[in-house]
Enquirer: 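Handing you this structure, nothing more for now.
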Amino acid sequence: MKQYIKVDEWNIIEEGFIAGYNKISESIFSLGNGRMGQRGNFEETYSGETLQGSYVAGIYYPDKTRVGWWKNGYPEYFAKVLNAANWIGLEIRIDGVVLDLHDAAVSDFRRVLNMKEGYLERTFTATLSSGKQVAVKATRFCSIVDDEAGALRYSITPLNFDGEIEITSFIDGAVRNQDANYDEGFWDFVESSIHDNTAYLTLRTKKTGFEVCTGMLFHVYQQGRKLASAVTAVNKDKFVGGKVTVAATRNQETVIFKYAANQTSENHATEELLAACKKVVDKVAAKGFAKLKEEQLDAWAGKWQESDIVITGDAAAQQGIRFNIFQLNQTYTGEDARLNIGPKGFTGEKYGGSTYWDTEAYCIPFYLATADQQVARNLLVYRYNQLDKAIENAGKLGFNKGAALYPMVTMNGEECHNEWEITFEEIHRNAAIAFAIFNYIRYTGDVAYLAEYGLEVLIGISRFWAQRVNWSEARKQYVMLGVTGPNEYENNINNNWYTSTMATWCLQYTIESLAQVTDAIIRKTSFDAGTEVAQWQHIIDNMYYPEDAERGVFLQQDGYLDKEQILVKDLDPSQRPLNQKWSWDRILRSCFIKQADVLQGFYFLEDRFDMDTLRRNFDFYEPRTVHESSLSPCIHAILAAKLGDGERAYEFYLRTSRLDLDDYNNDTEDGLHITSMAGTWMSVVEGFAGMRVRDGQLQFTPFLPESWQSFAFSTRFRSNILKVEINKNRVVLENKEGGDVAVKVYEDTFVVKAGSVVQLNNRDLVK
Ligand code: BGC
C-alpha cells in the first residue's frame, strides 16, 4: 500500500517525482474516451522505468498461446489489446541535450488529473546535465466530444539561459507489448507521410489485419504568435515526425500544440482511412486547444451530472469514488456495441483488454443507473452478436444442438483463455450473461428486448446447462461435475453450489421468458418447446445442491467441509496474499476462498433467501474469504449492509474505493482495476443506499457510514431521473426528470411528484 496521492475531492494529485512509483502513476493518470486510451506517460523522452501504453478500442492481436502442455479444446491464441502508435510523443533538445527526467534534476514536479474537466496536467522544473534549467507545463486530454482525437499543449520556459530548443513532434509506431508471448512486434508498416507540420502513420496488425491510421498536426507559438519555422521531416521505422528549431529566450514560453487522431479499419474502408484521419485532425486543429478543452469540460459536466456520487465529511472517500466513476466513464461510453470493458480498460495490458464476466456481473448496474439505457443494452447486444461464436465454442467442447458457451475471455466472441480449469470449467460466466438480461429488463422494463435479442441467447445458454449436467443414478438427481466456481482457488470440483444454482435459475428464467417467444425465434433456433422445456423443468426439479444441514449453510462444493477449516484471521499476515506466497497446490487444498462464490449467488438471487439464511452463510463464508480478487469486497459490502452491519460494509467498501489510488494490492502499475470500480459504485448505491428494483419499483434501505455527513447520487430509472440524498437526519428524494414516481424507502412507499422533492425524516422511517 502506498499513500503518495494527495487527497482532493476533484483532483488526483502527485507532488514530487518518485521514479520508483512512475509506473503506478502512469496507470493512475490514464486518460481515455471509450475509443482510445493513453497511460499517463510523459510526452518527452523518458529513459527510466516506464510502461508505455496507447490503446485503440477494438484493435487486438491474437498472440499464439504458449502453454507447457497443450490440451484439446485450448484456443490457439490469447487476444491482446495492443500497445498502439504513441501520439503524445515530443522529443525536446535544449542546446543539444535531450530533456529526459531520468537524467535531469527534477524539482516542483506536480501531476494533476482534473476529473471534473477531464484533463491531465503536469508541471516541473528540470535542470539538465548542461546546467540549463527549464520549466515545463504539459496539459492533455482524450476528447470525449471528438472521440477519435486527443490534444496536448506543452510549454517550455528557459529559466537560466537563452538558447536553442529543438522540438520533434512525432508518431511512434515502433512499439511493443510487454506481454507478447514470443517477444514479437504486433504491427506491420503500411504507409507514412509528413508534410510540413502534419504527419500520418498507418500500421496494420499482423494476423488480424486491422489498420489504424494515426495522424498529428502541431504548431509552435511564442508570445502568442504562431512561428513559421521550417519543419524537417524525420522518418524512421514505423516512426514519423517533424522537427523544428526555435530560439528561446530566458523566461519566455515556447508552446507546442499537438492535435492527434486515430482512425481504424473497423470504422472506415482501408482506402479511406487516411482521408478519414485527416478529416478529424483538421477538425480538431481548427477548433484549437482552448475550444476543445472547453468542450471537454462541458461534456464532463454532463457526465458528472448523471453519474457523480457526492460524499460530504470524508474527502478521501470522495476522491476515491470519483476516481472510480471517472475511469468507468473514460472506458466505456456505450456508443458502439462492438466494444466492451476490459478489466484494465485502457490503462494497461494485463487481462488482454478483453471481455470477462465482469461486464455482466459488475458493470451493468453502473451503466443502467448512470446512462441512457442504450448503453447497457449495447453491452447485452455485444453478447447477442457473438452468439454464433458461443455456439461454435460449445461445439468445440462437444456440445451440440445450439448449446452456447460464452468464452471466459474474448475479443470477438472466440475463447482466448487457456488454462483448462478456467477455460473449460469456469462456466458460470454463462449464467452472468443470462442474469444481465434479466437485470436489464428488471431495471428498464424493456421486455421487448427478449424477443429482439435476449431469448436467443437464453435458449443457447439453457441448452448448454441442460447438456452440461448429468443424471446421477446414485443420487437420483442431476449433478454438475468438473467445474470451477467464481472462487478460482478451487478447480475441477463437483457441484459448485453457485454454478448449479445459477444454472437452474437460467433454465427457469428462460422458461418464464418464453411468453415472449416468436415464431421467428423458434425457427431460427429450431426450438422444440415441448421436449426442451420438459427436460429443463426436470433438471430444475431434480438438481442436486450441496448443503450442510447442521450449519444451515449451502456448501460451496462437494467435500468443502473435508478441508481443514482455518479462518483468515488466524493466518499469519506474512503469508498473504496467498497467491504470491503459497504454492498452487497448497491454495487448492486450503479452505480459503479467493472471492465471493456462494455469496455471489446470494447477491444475484437475494429474494430467494431469508435474512437468517443469508446471515448464516455470510458468517460462514466471509471469515474464509481472502478477497484476492478485487471483485470480491463489493459483494460482501452489499450483503453486510443488507444484514445491517454498516461498519463492516464500510470496511469492505474501503478496500475497493481507493484500491488503485493507494496501490492496495501492489499491482496498480499493471493498470487500473476498471471492472472492480463498478463494484465500488455498487457498494455505495446498492450497499449503503440499499437501492433495488422490485416489482417494477425503485426501493431504498439506506444507511449513512459513520464518518460521512451525507452522500448523494442521481439514478435513472425508466423515464425518471431521481436524485437521492442521505444525510444524518433525512432521506431526500428529488424527481428531476419524468412523471410522478412511486419509491419505497424501507417499508413505506412515497410518491415523488414530477419536479418535486420529498424529504423523509429518519425518525419517521421504519428501519
Ligand atoms: C477473477 C475473475 C475475473 C478476472 C478479471 C480474476 O482474478 O477471479 O473473477 O473475471 O480476474 O477481472
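Any value given below was found using the heavy atoms of this structure, including those in side chains, with hydrogens, waters and symmetry copies removed. All residue numbers in this chain count up from 1 along the given sequence.
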Enquirer: Output the distance between atom CD (E425) and atom OG1 (T484), rounded to the nearest 0.5 Å.
Expert: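 Interatomic distance, E425 CD to T484 OG1, rounded to 0.5 Å: 4.5 Å.
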
Enquirer: Can you name the closest pair of heavy atoms from S714 and K736 and give their distance?
Expert: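 Of all heavy-atom pairs spanning S714 and K736, the closest is OG-NZ, 3.7 Å.
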
Enquirer: Within this structure, what is the CE-OG1 distance for the pair M543 and T504, rounded to the nearest 0.5 Å?
Expert: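 It is 6.5 Å, given to the nearest 0.5 Å.
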
Enquirer: Can you tell me how far apart OG1 (T370) and CZ (R716) are? Round to the nearest 0.5 Å.
Expert: 8.5 Å

Enquirer: Keeping the roles fixed (side chain from N735, backbone from G739), state whether a donor-acceptor pair exists under 3.5 Å.
Expert: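 Flag set: sc N735 to bb G739 pair under 3.5 Å.
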
Enquirer: Only distances under 3.5 Å count here; give the side-chain donor-acceptor pairs of residues 546-554 to other protein atoms, sequence neighbours excluded, each with its distance to 0.1 Å.
Expert:
residue, atom, partner, partner atom, Å
D548, OD2, R551, N, 2.9
D548, OD2, R551, NH1, 3.1

Enquirer: Using atom types as modelled and distance alone, determine if a side-chain donor or acceptor of K723 lies under 3.5 Å from a backbone N or O of A712.
Expert: no

Enquirer: State, to 0.1 Å, how close L458 and S513 come at their nearest heavy-atom pair, and which atoms those are.
Expert: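 Reported closest heavy-atom pair: CD1-OG, 3.9 Å.
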
Enquirer: Is the closest side-chain heavy-atom distance between I511 and I540 below 4.5 Å?
Expert: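 Sidechains of I540 and I511: in contact.
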
Enquirer: Tell me if the centroids of the rings in F438 and W505 come within less than 6.0 Å of each other.
Expert: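 Aromatic pair counts; centres sit under 6.0 Å.
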
Enquirer: More than 12 heavy atoms of other residues, nucleotides or ligands under 6.0 Å from CG of N470: yes or no?
Expert: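 Result for CG/N470: enclosed.
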
Enquirer: Give a yes or no on this: more than 12 heavy atoms of other residues, nucleotides or ligands lie within 6.0 Å of atom NZ of K728.
Expert: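 Atom NZ in K728 is crowded, with more than 12 foreign heavy atoms closer than 6.0 Å.
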
Enquirer: Indicate the ring-plane relationship of F703 and F688, choosing parallel, tilted or perpendicular according to the 30° and 60° boundaries.
Expert: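 Aromatic pair F703/F688 classed perpendicular.
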
Enquirer: Where do S472 and Y544 land on the side chain to side chain donor-acceptor pair (under 3.5 Å) test, with the steps shown first?
Expert: CA-CA 9 Å; S472 156; Y544 162 70; over 6 Å; no

Enquirer: Hey, can you tell me if Y560 and Y621 have their rings parallel, tilted or perpendicular (30° and 60° cut-offs)?
Expert: tilted

Enquirer: Side chains of T423 and H417: donor-acceptor distance under 3.5 Å anywhere?
Expert: yes

Enquirer: Could you please spell out the steps behind the side chain to side chain contact (heavy atoms under 4.5 Å, CB included) verdict for T499 and H428?
Expert: CA-CA 5 Å; T499 308; H428 66 81; 3.8 Å; yes

Enquirer: Would one find more than 12 heavy atoms of other residues, nucleotides or ligands at under 6.0 Å from atom CD of E706?
Expert: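 Not buried by this count: 12 neighbours or fewer within 6.0 Å.
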
Enquirer: Hey, is the main chain of A404 close enough, under 3.5 Å, to the side chain of N430 for a donor-acceptor pair?
Expert: yes

Enquirer: Hydrogens and angles aside, do Y332 and T359 bring a side-chain donor and acceptor to less than 3.5 Å of each other?
Expert: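 Looking only at side-chain atoms, T359 and Y332 do not form any donor-acceptor pair under 3.5 Å.
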
Enquirer: Using the rule given for side chain to side chain contact (heavy atoms under 4.5 Å, CB included), can you reason through W536 versus S462, listing the C-alpha separation, both sets of side-chain angles and the distance that settles it, and then say yes or no?
Expert: CA-CA 8 Å; W536 296 351; S462 285; 3.6 Å; yes

Enquirer: Quick one, N761 and N729 - any side-chain contact, counting heavy atoms below 4.5 Å?
Expert: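 Side-chain contact under 4.5 Å: no.
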
Enquirer: Less than 4.5 Å apart, side chain to side chain, heavy atoms only: is that true for R608 and T501?
Expert: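 Yes, close enough: below the 4.5 Å cut-off.
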
Enquirer: Going from CD on E725 to CZ on F713, what distance comes out if it is rounded to the nearest 0.5 angstrom?
Expert: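 Those atoms lie 11.0 Å apart.
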
Enquirer: Keeping K476 on the side-chain end and E473 on the backbone end, is there a donor-acceptor pair under 3.5 Å?
Expert: yes

Enquirer: Give me the one residue out of N329, V685, I341 that meets side-chain contact (heavy atoms from CB on, under 4.5 Å) with F366.
Expert: N329

Enquirer: How many angstroms lie between CG in N324 and CD in Q319, if you round to the nearest 0.5 Å?
Expert: 10.5 Å

Enquirer: Using the side chain to side chain contact (heavy atoms under 4.5 Å, CB included) rule, take V483 and Q557 through it: C-alpha gap first, then chi angles, then the decisive distance, then the call.
Expert: CA-CA 10 Å; V483 298; Q557 76 258 3; over 6 Å; no

Enquirer: With a 4.5 Å cut-off on side-chain heavy atoms, are L571 and F592 touching?
Expert: yes

Enquirer: So, T715 versus Y443: side-chain donor-acceptor pair below 3.5 Å or not?
Expert: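 Looking only at side-chain atoms, Y443 and T715 do form a donor-acceptor pair, the distance falling under 3.5 Å.
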
Enquirer: Under 3.5 Å, is there a donor-acceptor pair between the side chain of D597 and the main chain of N487?
Expert: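 Judged by distance alone, yes, a pair lies under 3.5 Å.
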
Enquirer: If you measure only the distance, is there a donor-acceptor pair under 3.5 Å linking the side chains of D558 and N495?
Expert: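 Their side chains do contain a donor-acceptor pair, which is all the 3.5 Å distance test asks for.
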
Enquirer: So do the side chains of W582 and S590 get within less than 4.5 Å of each other, counting heavy atoms only?
Expert: yes

Enquirer: Compute whether any side-chain donor of one residue and acceptor of the other, for N727 and R730, lie under 3.5 angstrom apart.
Expert: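 Side-chain D/A pair, N727 to R730: absent.
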
Enquirer: Check K563 against E490 and note the closest heavy-atom contact, atom names and distance.
Expert: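 Closest heavy-atom pair between K563 and E490: NZ-OE2, 2.7 Å.
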
Enquirer: Do F464 and F399 have their ring centres less than 6.0 Å from each other?
Expert: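 Distance test on ring centres: under 6.0 Å, yes.
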
Enquirer: When the ring planes of Y356 and Y351 are compared, do they come out parallel, tilted or perpendicular, using 30° and 60° as the limits?
Expert: perpendicular

Enquirer: Does a side chain donor of either E686 or Y603 reach within less than 3.5 Å of an acceptor in the other side chain?
Expert: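 Present: a donor and an acceptor within the cut-off.
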
Enquirer: Applying side chain to side chain contact (heavy atoms under 4.5 Å, CB included) to W357 and M408, what does each step give before you reach the verdict?
Expert: CA-CA 7 Å; W357 73 303; M408 185 65 195; 4.1 Å; yes

Enquirer: Flag the pair F711 / P705 as yes when at least one side-chain heavy-atom distance between them is below 4.5 Å, and no otherwise.
Expert: yes

Enquirer: Charged N to carboxylate O under 4.0 angstrom, D612 versus R616?
Expert: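 Result for this pair is no, no salt bridge flagged.
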
Enquirer: Answer with yes or no whether the side chains of Q373 and Y440 bring together a donor and an acceptor at under 3.5 Å.
Expert: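 A donor-acceptor contact under 3.5 Å links the two side chains.
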
Enquirer: In residues 637-648, what donor-acceptor pairs under 3.5 Å come from side-chain atoms, sequence neighbours left out?
Expert:
residue, atom, partner, partner atom, Å
K642, NZ, E606, OE1, 2.8
D645, OD1, R648, N, 3.2
R648, NH2, E622, OE1, 2.8

Enquirer: Looking at R383, is its backbone amide N or carbonyl O close enough to the side chain of Y406 to form a donor-acceptor pair, meaning the two atoms are under 3.5 Å apart?
Expert: yes

Enquirer: Taking all non-hydrogen atoms of both residues, which atom of M691 and which atom of A369 are closest, and how far apart?
Expert: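 Shortest heavy-atom contact: CE-CB, 4.3 Å.
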
Enquirer: Where do E628 and P577 come nearest, in terms of heavy atoms and distance?
Expert: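 Heavy atoms only, the tightest pair is OE2-CA, 3.2 Å.
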
Enquirer: Cut-off 3.5 Å, side chains only: do N665 and S630 have a donor facing an acceptor?
Expert: no

Enquirer: Out of L698, L368, T444, which residue meets the side-chain contact (heavy atoms from CB on, under 4.5 Å) rule with F717?
Expert: L698

Enquirer: Can you classify the ring geometry of H636 versus F618 as parallel (below 30°), tilted (30 to 60°) or perpendicular (above 60°)?
Expert: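 The arrangement is tilted - the two ring planes meet at 30° to 60°.
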
Enquirer: What pair of heavy atoms forms the shortest contact from L380 to I437, and how long is it?
Expert: CD1-CA, 4.1 Å

Enquirer: Within a strict 4.5 Å, meaning less than it, do heavy atoms of the V745 and F750 side chains meet?
Expert: yes

Enquirer: Determine, step by step, whether Y650 and W708 satisfy the side chain to side chain donor-acceptor pair (under 3.5 Å) criterion, reporting the C-alpha distance in whole Å, the side-chain angles of both residues, the deciding distance to 0.1 Å, and the verdict.
Expert: CA-CA 11 Å; Y650 191 64; W708 297 2; 3.1 Å; yes

Enquirer: Check whether S683 reaches the backbone of G679 with its side chain - one donor and one acceptor, N or O, closer than 3.5 Å.
Expert: yes

Enquirer: Return yes if a side-chain donor-acceptor contact under 3.5 Å exists between T680 and S657, otherwise no.
Expert: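 Not at all, the side chains of T680 and S657 share no donor-acceptor pair under 3.5 Å.
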
Enquirer: Less than 4.5 Å apart, any side-chain heavy atom of M677 and any of D660?
Expert: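 Yes, side chains in contact.
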
Enquirer: Rounded to the nearest 0.5 Å, how far apart are CD1 of I427 and CD1 of I461?
Expert: 11.5 Å

